[in-house]
Amino acid sequence: MTDATIIDGKGFAANLRERVGAAVADVTKTHGLVPGLAVVLVGEDPASQVYVRNKRKQTVEAGMQSFEHSLPADTGEADLLALVDKLNRDGTVHGILVQLPLPDQIDADKVIAAIDPDKDVDGFHVINAGRLATGGQGLVPCTPLGCLMMLKDRLGDLSGLDAVVVGRSNIVGKPMAALLLGESCTVTVAHSRTRDLPAVCRRADILIAAVGRPEMIRGDWVKPGAAVIDVGINRVPKEGEEGKYRLVGDVCFAEAQAVAGAITPVPGGVGPMTIACLLRNTLTAACRQAGIEPPAL
Ligand code: GUN
């Protein structure tokens, strides 16, 4: 059997960003609407700073306005809630993203609950989780949305396929399962208590790995020809190189590639799709707030 096709998430994301940019130019020209995204960062976590910088760059490149709020690490919950309230009422802000994780003194659930659900471009608000679970029109979390777009691009109609989602987080696993169910897949959500996880994974036509455990999913857990989507981004020490790291997914890529039909690499797979989908969500949110039909992207 030949090796799996590698799903080029980086290229797919660049293409999606371009399509979002063209659609932004169109709504700006036709309706005078300039979508605006506010990103709030509390503290100086280096990984978060990198994400926020990339978000700003890509937002501006897509022709949207970027509003950045960097607050000190010792910001109190009330101050952050006051900022969210201000952004909720600001008509030039169509999307609000509060970068996670937040410092210990701030209850992240409370902050997410304070964001206007129609501006919640992360799709983390319980209203959006509820809309997704019940098939309503909301905003969908960016990472699972990116995974679904790549799967549909690769496989076309997903109906009737067996999908196994490994991981049950609110940010990836649960919304991913809801999206796949919405596409009429037969969905299994597996997790740390699942019995005989390798056997469960081997049933999957679509295998989504979102557990945060480096290379946990082995080649012999993969059904021949399956589509494997690796959401994991894990830093592991480089052997023989003190202080250096390499990025690996939740799937042992070298093993799985020999069995799967298609697979996303790490890096360059799911990761780049997350910000591209954030831009898409911001455009969707802006159009809905302006009473315009959002473009199909
Ligand atoms: N931290 C890492 N990824 C994300 C994300 O997608 N959204 C938010 N709000 N914080 C994050």
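Whatever order the structure lists them in is the order used to number ligands and atoms, beginning at 1. Computed from a prediction, not measured in an experiment: that's the story for all the values here.
- Looking at ligand 1, you'll find an N or O of Val98 within less than 3.5 Å of one of its N or O atoms.
- The proximity of Leu97 to ligand 1, defined as any non-hydrogen pair under 4.0 Å, is limited to the side chain.
- More than 12 heavy atoms of other residues, nucleotides or ligands shown are found within 6.0 angstrom of CD on Gln49.
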message: Apply side-chain contact (heavy atoms from CB on, under 4.5 Å) to residues Asp153 and Ile7 and explain how you reach the verdict.
response: CA-CA 10 Å; Asp153 179 69; Ile7 300 173; over 6 Å; no
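- With Lys119 contributing its side chain and Asn88 its backbone, the two residues share a donor-acceptor pair below 3.5 Å.
- When atom types are taken as modelled, the side chain of Arg280 and the backbone of Leu297 share a donor-acceptor pair closer than 3.5 angstrom.
- Polar contact check, Tyr51 against ligand 1: no nitrogen or oxygen pair lies under 3.5 Å apart.
- Of the possible polar contacts, one joining the Gln105 side chain to the Ala73 backbone as a donor-acceptor pair under 3.5 Å is found.
- Annotation: Leu100 places an N or O atom under 3.5 Å from an N or O atom of ligand 1; distance criterion only.
- Taking any N or O of Gln99, backbone or side chain, at least one lies under 3.5 Å from an N or O belonging to ligand 1.
- The protein heavy-atom contact nearest to atom 7 (N) of ligand 1 is Asp122 OD1, 3.0 Å.
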